[in-house]
Amino acid sequence: MRAAPTILHLDMDAFFAAAEQAAKPSLRGKPVIVGGLGPRGVVATASYEARRFGVHSAMPMAQARRLAPNAAYLVPRFSLYRAVSEQVMELLRGLSPLVEPLSLDEAFVDLEAGGSAHDAVGARAAGEQLRRDIHAVTGLTGSVGLAGSKMLAKIASEEAKPDGLVLIEPGTERELLGPKSVRILPGVGPATGEHLRRAGMTTVADLAAAGEDELVRLLGRAHGESLYRMAMGYDDRPVVAERDAKSVSVEDTFDVDLHDRVRVRMEVERLAERCVQRLRGAGRSGRTVVLKVRRYDFSTLTRSETLRGPTDDPVVVREAAARLLEAVDTTGGVRLLGVGVTGLADYTQEDLFAQAAAEAAERAVGERDAVERAGAAGAGVPAAHSGAGGTGSGESGAVGGPGVPVGPPEVDGRARPGGSAGAPPRQGDGVAAPPAGESGGRPEAAPPDLRDHAGPRPGGGLGGAGGADDGVVAAEIGLGDHGGPGVQAASSAGEGRVGPAGGRPVSTAGEAGEAGGTAGRAGAGPDSARMAGGEARRWSAGEDVRHARYGAGWVQGSGLGRVTVRFEEPGSAPGRVRTFWADDPELEPSDPLPLVPGQSSWPASLPKSRSVEGGGGSARP
DNA sequence: TCTGGGGTCCTAGTACGA
DNA sequence: TCTGTCGTACTAGGACCC
Ligand SMILES: [Mg+2]
């Protein structure tokens, strides 16, 4: 706790939703909800307009729809948020080199370390200037908290929301915090809050009065101590600029529970591959592989296996995950699967082998021996276990080399438990692939003059009466999923890489829903050119596109082989809607545009938006 | 139509070697 | 050398955050 309120906490207001509103002028002032659009999605961010309906983060999407049926529902676009975040962080680094990002939209800044403020007056001025700069560069608003400690700065920014600044003058924290709920303290969630309530403590003052011993007795050592300190206003954690990630993980919740073991195995393999992709993308390797399974009843378990050394080999991770899976009972169904890697390092044991081998080769020793001995010696390899000499030194023979588990599994690196790992990814759960081609209910081409589908709207909004045509509601229709039979034909072509049954969830529940949802639009055919025989691509609600003649816009809805685009962009007036065939050659995906036109700080090339988000709209698990 | 995905940190039990 | 103790790894689960 320093004497001057020079620790700043920035928190962007309703970040994802606000970014979408800035990118899509027709959504400004309207309730916008960003989150998963599948049947098991939850709300990531609700705009303030949507919050008035009672919608908030982490709420199941289904519930949000009941509360705000006419809101715009959009899938998150992390490439956009990352780009905006980078602009904001750059502004923060202008204030001080000591910037500690907590997430895409939050960070601490040590103003004193940057020399940009040394007292309350200077801190407030810097904070207000920062808010103006953020708005000028990104078009978005952020809230600022200033205090003498991290905790208080964070509480202050919370109080400042939205679009405000709050400064807590050192010395006033006890009286300010005292009457407030324990829930305002970072680290006090529902469980701890309830725990404390049962013990008769509801306010921060109650915690301070209870004393450290009592809190430790109640909540355990670390939590109790830290809570007591916070309640007293003690907090001297420094702002630290850079922190390496400690784990990398990937998980998927399936639209429908998985029952087929073969399918479960296949999904675990795919998750392992994706996990390693990300691991390698970050230039890291890891030593402990973790499998996560959430069952039909939401009970969750993890199983982990620690290897002899860090790896970034997809085969090693995949096989470890597969072994872990074999020990899990999945009868009843699986709702979620995840694969993660922890114990990260910047090198792999394979690296060390190679390096040692090279050195050994120089000494002109027989190659194989050299490799094996080097591997065992493993200069700098994380100890096999606690004891220095212990299990380690004798085991040069461990056949699998890197990736052989430390513990019990008597693996020789070749035998595959259950003989299943190598099984070909047979078709999944019996969703027969429909015949490809131009069959079925797909509407035939109409004259290629484009009709205005929705017509200009007063005020340009999607206000409308919210009829079947309410574009935003339509935005989710067919999104990344099979629709009626006709659409299914088209979509299966688009997923060819996955194989016959595609990456779709089991069963037919989704189909029924989708078919019903799209039925109303079946008659309205879009009029535009179509590609000769190409695969119909999939369009995600909210993604940016560019049309050869109509310019920039975003996908408002898609389904039945058609895609509805609203033509507008960050600087523009609210735009109008047009509908095209999904395979219209004049329509192509594009990267997000800067929210304020002409910003030099906008990343020249954005991280691949398509692979990150869409990835598998269709394969959405 | 109930409950995401990416993380962090902590606790507790067990095993093991010194 | 035996035994109790201690530190460290490993594993599993849970709370919390955005
Ligand atoms: Mg925020």
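Protein chains get the first letters and strands the later ones, always in sequence-line order, with residue 1 at the start of each. Just so you know, these numbers come straight off a predicted model, no measurement behind them.
Residue A/Thr288 has no polar side-chain atom (N or O) positioned under 4.0 Å from OP1 or OP2 of C/dC10. Between B/dC9 and A/Lys246, a contact under 4.0 Å exists linking OP1 or OP2 to a side-chain N or O. Put simply, A/Ser304 has no side-chain N or O that comes within less than 4.0 Å of OP1 or OP2 on C/dC10. Contact check, A/Arg303 against C/dA12: a side-chain N or O comes under 4.0 Å of OP1 or OP2. Considering only side-chain N and O atoms, A/Arg294 lies under 4.0 angstrom from the phosphate OP1 or OP2 of B/dG4.
In the set B/dG4, B/dT8, B/dT1, B/dT1 carries the atom at the smallest distance from any side-chain atom of A/Ala62. You'll find that the side chain of A/Val248 is closest to B/dG7, out of B/dG7, C/dC18, C/dC16. Picking from B/dG7, C/dC18, B/dC2 the nucleotide with the shortest atom distance to the side chain of A/Ser249 gives B/dG7. Taking only side-chain atoms of A/Lys154, from C-beta outward, the nucleotide of C/dC17, B/dG5, C/dA12 with the closest atom is C/dC17. Between B/dT8, C/dC16, B/dT3, one nucleotide has an atom nearer to the side chain of A/Pro60 than all others, and that is B/dT3. Of the listed nucleotides (C/dT11, B/dT3, B/dG5), C/dT11 has the atom at the smallest distance from the side chain of A/Thr306. Here B/dG7 is the nucleotide among B/dT3, B/dG7, B/dC10 with the atom lying nearest to any side-chain atom of A/Ser247. Nearest nucleotide to the A/Ser103 side chain, out of C/dC18, C/dA15, B/dC2: C/dC18. When the nucleotides B/dT11, B/dG4, C/dA15 are ranked by their closest atom to the side chain of A/Arg221, B/dT11 comes out on top.
Look at A/Glu49 and A/Arg52 and you find no salt bridge, because none of the NZ, NE, NH1 or NH2 atoms lies under 4.0 Å from a carboxylate O. A salt bridge links A/Lys180 with A/Glu159: at least one charged nitrogen is closer than 4.0 Å to a carboxylate oxygen. Salt-bridge check for A/Arg82 with A/Glu86: failed, with every basic side-chain N at 4.0 Å or more from each acidic carboxylate O. We find that A/Glu326 and A/Arg265 are joined by a salt bridge, their nearest charged nitrogen and carboxylate oxygen being less than 4.0 Å apart. Checked for salt-bridge contact, A/Arg294 and A/Glu251 miss the test: no charged N lies under 4.0 Å from a carboxylate O. Between A/Glu273 and A/Arg318, at least one side-chain nitrogen of the basic residue sits less than 4.0 Å from a carboxylate oxygen of the acidic one, meeting the salt-bridge criterion. Between A/Glu158 and A/Lys154, no side-chain nitrogen of the basic residue sits less than 4.0 Å from a carboxylate oxygen of the acidic one, so the salt-bridge criterion is not met. A/Arg40 and A/Asp257 are joined by a salt bridge, as a carboxylate oxygen and a charged side-chain nitrogen come within less than 4.0 angstrom of each other. Taking the charged nitrogens against the carboxylate oxygens, A/Arg263 and A/Glu267 do have a contact shorter than 4.0 Å, which makes a salt bridge.
Backbone-only contact: A/Ala245 has heavy atoms under 4.0 Å from sugar-phosphate atoms and none from a base. A/Glu106 comes within 4.0 angstrom of the backbone, heavy atoms only, and of no base. At a threshold of 4.0 angstrom between heavy atoms, the contacts of A/Leu301 are confined to the sugar-phosphate backbone, with no base atom among them. Here A/Ser57 lies out of heavy-atom contact (under 4.0 Å) with every strand. Contact annotation for A/Gly36: no contact, since no heavy-atom pair falls under 4.0 Å across all strands.
Inter-axis angle, ends of the helix from B/dG5-C/dC18 to B/dA18-C/dT5, five pairs per end, rounded to 10 degrees: 10°.
In this structure, A/Phe16 and A/Phe78 have perpendicular ring planes: the angle between them is above 60°, well past the 30° mark.
As a whole-Å value, the separation of A/Phe78 CZ from B/dG4 C1' is 9 Å. As a whole-Å value, the separation of A/Lys292 NZ from B/dT8 C1' is 13 Å. Distance A/Arg278 CZ to B/dG5 C1': 9 Å, rounded to the nearest Å. We find that CZ of A/Arg66 is positioned 10 Å from P of B/dT3, with the value rounded to whole Å. Distance, A/Met230 CE to B/dC9 P: 15 Å, rounded to whole Å. Atom CG in A/Leu227 sits roughly 18 Å away from atom P in B/dC9 (whole-Å rounding). Rounding to whole angstrom units, CG of residue A/Asp105 and P of B/dG5 are separated by 20 Å. Distance A/His56 NE2 to B/dG4 P: 14 Å, rounded to the nearest Å.
By the 4.5 Å heavy-atom criterion applied to side chains, A/Thr138 and A/Leu91 are not counted as neighbours.
Look at A/Phe298 and the base of B/dC2; the rings do not stack under the cut-offs of 5.5 Å between centres and 30° between planes.
Taking the C1' atoms as reference points, B/dG17 lies 14 Å from C/dG4, given to the whole Å.
Remark: of the listed residues A/Arg66, A/Arg65, A/Met61, A/Arg66 is the sole one forming a side chain to side chain contact (heavy atoms under 4.5 Å, CB included) with A/Gln63.
Residues from residues 329-340 of chain A with heavy atoms under 4.0 angstrom of DNA chain B, sorted by number: A/Arg335, A/Leu336.
Comparing A/Asp297 and A/Asp244 against DNA chain B, the residue whose closest nucleotide sits nearer the 5' end is A/Asp297. The residue among A/Arg40 and A/His223 whose nearest nucleotide of DNA chain B lies closer to the 5′ end is A/Arg40.
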